[in-house]
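A short write-up of the structure that comes next.
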Amino acid sequence: MKRLLSVFLPLCLLTTGCWDYRELDNRAVVMGMGIDKAEDGRYRISFQIANPNRVAQQAGGQSGGGGPAGSPVTTYAVTGSNITEAIRKATENVPRQIFLAHQRLEVISEAVAREGIGPLLDVMERDPQGSIHIPVLVVRGGTTAEAVLSTLPPLEEIPATKIYDQLKTHEEMSGETYAVDVTEVLRALTQKGRQPVLPGVRLIGDPAVAENMETMEHALPLAKVKLDGMAMFNRDGKLVGWMNGAAARGLAFINNKIQNTVVHLDCKGRKKEVSVEIQRVKTSIRPRWNHGKWTFHIHLTGEGNVHEVNCPLNLEDPRILDRLETQLSREVSREVREAVRAAQGAGTDVLGLGEALHRERPDLWKRWEKDWHRRFPKVKVQVSSTFVLRRTGMRFNPHQKEQ
Amino acid sequence: MRKKRSARKGSKSLPKQLQYRDQDRLFSSLEENLSKIQQEMGHSSDLVIRRIEAGTDPKHSVALVQIEGLVDDRRADEFLTKSIMVDSAPMDVETPFYDFVKENALSMSNVQLVSRWEELFHALLDGKTLVLGEGWPEALCADTAGGDKRPVTEPALQTVIRGPRDSFTETLSTNLALVRRRIKSSKLWVQSQQVGKMTRTEVAVLHLEGIADPDTVKEVIRKIRQINIDGVLESGYLEGFIQDKTRTPFPTVYNTERPDVIAGGLLEGRVAILMDNTPVALIVPTTFFQFLTSVEEYYQRWDIATATRILRFLIFTISLMGPSIYVAFKAFHPTLIPTELMVNLMAQREGVPFPAIVEAFLMEITFEILREAGIRTPRPLSTAVTIVGAIIIGETAIRAGLVTPSMVIVVSITAIASFATPSYSLANSARLIRFGLMLSAGLFGLLGLTLALIVLVAHMNSLRSFGTPYLIPVAPFVPRDQKDLFIRMPWEALSTRPRTARPLDDQRIPEGQDPEPTRDPKEDDPS
């Protein structure tokens, strides 16, 4: 037995090839993927591939001529009926094997999103290389995903990385748009109590200029990519509407996505004179049987810090602070209400009210589940919030005095 | 017929000395004895024969036989020559001359009588001075052993910052004294025997009676006695003969040049083996983890010692698998590398002709060549080797695009980690295994690396060092001994000896030794 093993084990090693062996320089690292509609009705998929030499050159400032400075990325666009076909077809143009594991994000054009995002996500989950934790974005304003992806950013080298970082920072600091990754979308699509949302992105400037290296030489960018609102999808995965501004942040409040944001309050009849930073927001949704009807109570609690005061307020006075707290709660509730109105207007439960009902009354949910999309726009929603001001920053009273 | 004749011829041509060696006693004639000694030694030039006339009677002449360089000249002159020449002058006529010399004249402390040729030559070659006289039945052997020896110096291999600075020398008696000086107990027993038919090297087995496992002591002595070889020149010979398993890259006998390590081992109930002519002593039984510890951990504060110990496990891991992990990640699992780093690595790889695994082998072998050159080059040339090595590896290979800079970093860190391993013999094992792991990682990625590690651990589990499992106290798990493994507990907590050596007496520190603050006597005062 031992002798047999001693013959066969080395054979196993020596007669097989190098399993899965592939040098790094034989891989084309896809940083981002853009999905547009092709003229023939199929998908036009663009792969943004990092150009390692350029990236490293710019990052490390390697001395010695590494050839002419070129674009840190190259975007290849291929037409195919699905992503898998496109990846295989991409080899017509790309000399290396497409490597998806380091993909940073996926950008979908509005036209594709309106047709439905369902067919695009399966491969992301099924392919072992595919990353399911990358955010998906929807392009607004008629520009193609390819154009957004190709816009060379001034601060970062790789556009996909730039958009990704932008999204994450924005989520952290404002919450008006927040990243939604592939798993979250898929989860929302498979259950009926919550429909998916995706952040929107808009190209400002001329797409033709945007992809030129020259943009990077201007202090005032000729073209830039801006995050804008949240796209609402229905249960078929089709885009049905947008939430903008206050409503978008209201959505983030409801979905517990706010980490840190700033709310501006009016002061003595003047608009937005007091800025309050909000942290530790917790939102609960409770369906209640009230006057023969189901009412959804959305309640928010949180803390605020006074961040900027441009009108004479005596912040040492607890009553003033109490008033500010009430004002703050009212303002947040208003935004949340706007989100509810937008969602009900679009007729899709992106707030997760169905989910809350499912948790509270599973038996009732069983009966309601089928026609929830018809019931949702009509349900009664009540919003309330309690915010507490914790700190007033490095000083109490503003330097502006009462006149 | 022919065969018979040739056989007879063979026996005839057998050297004469072999025929009488076992049986024959000394001749009574001085001249005959002397000529036999000269003949036997092949008239070697370092054989010194001095004839001395004792007293006035010409019949009372003696001969001193010694080997130059092996004897302490001063002692031989002062106590031997002088005492025979001067003290025997007013000799009592009644007493026979032989008895007189034996009883009175020799002012040496250690005098033996030898009557057989074999013993005589052993004594002569051990550095003793033979006193032969006309008509004497025996030869007197005076212990004048001495000659040049290297003084006790600082250890060259196992250096410490805090701790004793002495290390073993090539002289067994000095080494034994260094250990004795540390353990002043009658329980420190030394059993000596000679190994090697030609070299007759003195090997001493040390143990603490009442603490060391008697079976282990017996086993060590038995194994050493069984060694049948023409000569042993270094304790590595002994190690090869007494280890439990030869076909393993791992050392199962601990070696050290530090007397404090030997003393520490003895106190834990281990058995130490010291050998003449080498500064390297052995300790058995040992475990894998002993090779990863340094004595200094017992001299330092326990928290610092613990941190160093954990660092050392990390060091060993790096020295074992540094390049293989790198190759596996780079060639098989770029998914696991952070994006920025991967893009960076990709850029480095552009234009490098060899696959990562070949690159790793190239660099590792280059490093091994440099290392070997560093050891073997004559001192005056070593700077040249360093310069050439540094320039070739550090600069030109990267400039020429033959290797990636990151590979150089990995190989360098691995090399440094290899040097930082406290035991040289384990560092050597790690070097060897490293290449195997690199191969499996290059063929099958992390999967291959994991499989190779499983095989490695299984192999280590099969090893024994004088009956002690090699991975004790991890496998088999000994909860009690965890206190001195990954962490080194404070001294008062190390109350028991490790089970490693199966000591007879477990208790090392009696109860109630926890340090407590010095008490102010006033506080106890009830008033």
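Chain naming here is simple, since letters A, B, ... match the order of the sequence lines and numbering starts at 1 in each.
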Worksheet item: In terms of heavy-atom contacts, does NZ of A:Lys224 have more than 12 from other residues, nucleotides or ligands at under 6.0 Å?
Response: no
Worksheet entry | Check: B:Ile337 main-chain N/O paired with A:His102 side-chain donor or acceptor under 3.5 Å | yes
Worksheet item: At what distance, to the nearest 0.5 angstrom, does CZ of B:Phe332 lie from CD of A:Glu23?
Response: 9.0 Å
Practice prompt. Nearest 0.5 Å please: distance from the CG atom of B:Leu345 over to the CG atom of A:Asp25.
Written response: 11.0 Å
Practice prompt. Rounded to the nearest 0.5 Å, what's the gap from OG1 on A:Thr161 to CD on B:Glu340? Could you check?
Written response: 6.5 Å
Item to complete: Give me the contact list for residues 27-34 of chain A versus chain B, heavy atoms only, anything under 4.5 Å, ordered by residue number.
Response: A:Arg27, A:Val29, A:Met31
Discussion item. How close do B:Val343 and A:Ala50 get, counting heavy atoms only, and between which atoms?
Written reply: CG2-CB, 4.5 Å
Worksheet item: Should we count CZ of B:Arg399 as having more than 12 external heavy atoms under 6.0 Å?
Response: no
Worksheet item: From A:Phe99 CZ over to B:Met342 CE, what is the distance, rounded to the nearest 0.5 angstrom?
Response: 6.0 Å
Practice prompt. Please name the pair of heavy atoms, one in A:Pro52 and one in B:Ala347, separated by the smallest distance, quoted to 0.1 Å.
Written response: O-CB, 3.3 Å
